[in-house]
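Notes for the one structure printed next.
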Amino acid sequence: MKGTQTCNAMARLVALLLCTISQKVGVQAKRAATTPNLVMVLMDDLGNYDVGFTGNDDRAKYTSTATELAKNGIILTAHYTHYWCSPSRRSFLSGRLPVHHGEMLSWGPGPTSLLRAQDDLDLRWSLISTKLKSANYMNYYLGKGHTGYKSIRHLPIHQDFDEHLGFLVGEQSYTSNRRWHNEFPYATTEYSSDLYAKGAADVIRNHPSDKPFFLYMAFQVAHLPYEPVPGWDDNDTEEGKYVGMINRSDADLRLLCDAIKEKGMWDNTLLVYSSDNGGRDEGINYPFRGEKRTNFEGGMRVAAFVSGGYLPQHLRGTQNSIRFHIVDWYTTFCKLAGVEDCTDNSDIPPLPVDPNDPGKDIYGTEAYPGVDGVDIWDMLVNKDKYTTTAAHHTIVLSKEVIISGNYKLLTAQRGNTMQPHPLTHGEETWQDPTGKWFVPDGWVQTCGFPVYNIYGQTTGQFKPCLFDLTADRNETTDLSDVGHETMVRLWTLLNTTWLEYFHSRSPDALLGPCNMECAEKYWFNNTNSDNYGTQGPYCGVPGCPAANTSEPRHIS
């Protein structure tokens, strides 16, 4: 009897294990069958009101592809980035907020070849491409870089991208011959939007249909310089060229989408569209205050949407006002791909911060910060279950800005990086729908002044602004006097969070030997043009031993 009971118990246990395994296999098979292709379309310096889907009917006809996609998707009305290029791009790729990789543009002083020389993405980190590669994705990177390329291992082709065609710097002519293809410089003067969109369409056409893909399409538009657009009939004014650039990139976006549809993969594709920061110059950020390079909403709250055939039908033609950040797409893409571990923590955790010891290094040589982004997929699919602050009730956007609940504390205008680029419009930080800059009648600036010198020399000079973004999205009314307690609480939290600051510390073993002179010769000898101005990493370059050369100074 006892033996029979034992056999029965073992049989039940085996049956339970088989059922569990079967269920797990079934879930994995279902996940594999529904694993989406992922596309991130990142625009450059595009104003919030430069597109039809945010209400600009005048520019809707020039952005018909984006407007159509947005109106058949989810328009994101509270999607945040950093106030300028590099930090936003690093946040997307690394899943970390700027406090955990720096607010500096990825550049350095010195000759042209140093403009990409910084180590701004720690080589110990797993970028989103690496996470997706672990889930059998093929990864493609087209367009602008601007994330720092000190070592050859910083190049996308060495970060689990299967194909890379783009440029490494922050700004260049739209017909510059200083491009990059996989391992080497690549000289071609084809108009950049066309070049990268055609390249993207080509990789999609050649992509194996039995594998999911991740495409990072980083358009150069609408960054300076404003240059004549081939075939455009209004190249005589800055505004004309600007609109032409947007129109051309929109046509190229359609080329990309058509390639995915022709491949028969659109129904299983999720496409995210966002600017890397607010617009400037000819860009229009209405109804928000400010522009690129400012801590106002116009610099950091950007035009964005989610679209594609993977998006559930009931979500198409909707809006979502939950506060998201570009950093969230790292974790969201990772989870959608079925990756089990979407964290990226160091083996040794950082030490706790100590407000009484602000100079304390909590990382040393072994630790680094983990991922900050959150999985927002369910917040997109089931938004009614969530509050508008569900993803980030409190988030630090820059060294000068923290948002908590409906309140935003802005201690000053940009000063943390000590890099140039003063504000363009001074106190005229509002735009009307036509793009005209103005100051409201009777308004006088009392807070949020620019700070361009070293923080340690400005003690006591800050006069923070406190805004209620729910009631005052235009940031016209400072509540710091009546909301003094809230201001102090947020300021304390902002300063405490910034004690977690981290900038890349890639080990020498990963960077490889550094030799500027040898690297320049190597890149010059490995380009497809005799006229190519050398550019590229200077560490880990094949055949280049270490040299005693001065390092480019990090600006942080």
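At least one donor-acceptor pair under 3.5 Å links the side chain of Asp162 to the backbone N or O of Asn139. Looking only at distances, a side-chain donor or acceptor of Asn295 sits under 3.5 Å from a matching main-chain atom of Ala412.
Take Asp202 and apply the salt bridge (Lys or Arg N to Asp or Glu O under 4.0 Å) test, not counting sequence neighbours, and it matches Arg205. For Pro542, the side-chain contact (heavy atoms from CB on, under 4.5 Å) partners two or more places apart in sequence, or in a different chain, are Ile152, Tyr522. Tyr140 is linked by a ring-ring contact (aromatic ring centres under 6.0 Å, His included) to His207, counting only residues two or more places apart in sequence or in another chain. Under the rule for a side chain to side chain donor-acceptor pair (under 3.5 Å), Asn235 has no partner lying at least two apart in sequence or in another chain. For Arg89, the salt bridge (Lys or Arg N to Asp or Glu O under 4.0 Å) partners two or more places apart in sequence, or in a different chain, are Asp44, Asp276. For Thr269, the side chain to side chain donor-acceptor pair (under 3.5 Å) partners two or more places apart in sequence, or in a different chain, are Asn37. Not a single side chain to side chain donor-acceptor pair (under 3.5 Å) links Glu366 to another residue, sequence neighbours left out. Residues passing the disulfide (SG to SG under 2.5 Å) test with Cys257: none are found, sequence neighbours excluded. In this structure Glu517 satisfies the salt bridge (Lys or Arg N to Asp or Glu O under 4.0 Å) test together with Lys521, sequence neighbours excluded. Residues meeting the side chain to side chain donor-acceptor pair (under 3.5 Å) test with Asp160, sequence neighbours left out: Thr130. Every salt bridge (Lys or Arg N to Asp or Glu O under 4.0 Å) that Lys198 has, sequence neighbours left out, goes to Glu190.
Defined by atom type and a distance below 3.5 Å, a donor-acceptor pair is present between the side-chain atoms of Thr65 and Asp250. Thr411 and Glu400 share no donor-acceptor pair across their side chains, judged by distance under 3.5 Å alone. Side chains of His146 and Ser106: a donor-acceptor N/O pair is absent below 3.5 angstrom, by distance only. Side-chain polar atoms of Tyr330 and Thr332 form no donor-acceptor pair below 3.5 angstrom. For the 3.5 Å distance criterion, the side chains of Asp119 and Ser504 qualify, holding a donor opposite an acceptor. For the residue pair His158/Glu183, the side-chain donor-acceptor check at 3.5 Å is satisfied.
Taking the side chain as every heavy atom from C-beta outward, Trp523 and Pro537 approach each other to under 4.5 Å. Between Met43 and His223, the closest side-chain pair of non-hydrogen atoms is not below 4.5 Å. No side-chain heavy atom of Tyr368 sits under 4.5 Å from any side-chain heavy atom of His101.
Residue pairs meeting the salt bridge (charged side-chain N to carboxylate O under 4.0 Å, His left out) criterion with at least one member in residues 538-547, sequence neighbours excluded, do not occur.
Taking the six-membered ring for Trp and thresholds of 30 and 60 degrees, Tyr141 and His164 have ring planes more than 60 degrees apart, a perpendicular arrangement.
Between Tyr242 and Tyr226, the gap from one ring centroid to the other is short of 6.0 Å. Checked against a 6.0 Å centroid threshold, the rings of Tyr186 and His181 count as neighbours. Checked against a 6.0 Å centroid threshold, the rings of Trp329 and Trp377 do not count as neighbours.
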Test log, rule side-chain hydrogen bond (donor to acceptor under 3.5 Å, both in side chains), inputs Gln159 and His154: CA-CA 7 Å; Gln159 291 292 328; His154 284 111; over 6 Å; no

Ring pair (Phe, Tyr, Trp, His ring centres under 6.0 Å) between Phe296 and Tyr83, worked out: CA-CA 8 Å; Phe296 295 122; Tyr83 54 64; over 10 Å; no

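With respect to the salt-bridge test (charged N to carboxylate O, under 4.0 angstrom), the residues Asp122 and Arg505 do not qualify. In summary, Lys335 and Asp375 do not engage in a salt bridge, as defined by a charged side-chain N under 4.0 Å from a carboxylate O. Salt bridge Arg96/Asp344: present, at least one basic N to carboxylate O contact under 4.0 Å.
Checked options His82, His503, Arg90; the residue passing with Glu103 is His82 (criterion: side chain to side chain donor-acceptor pair (under 3.5 Å)).
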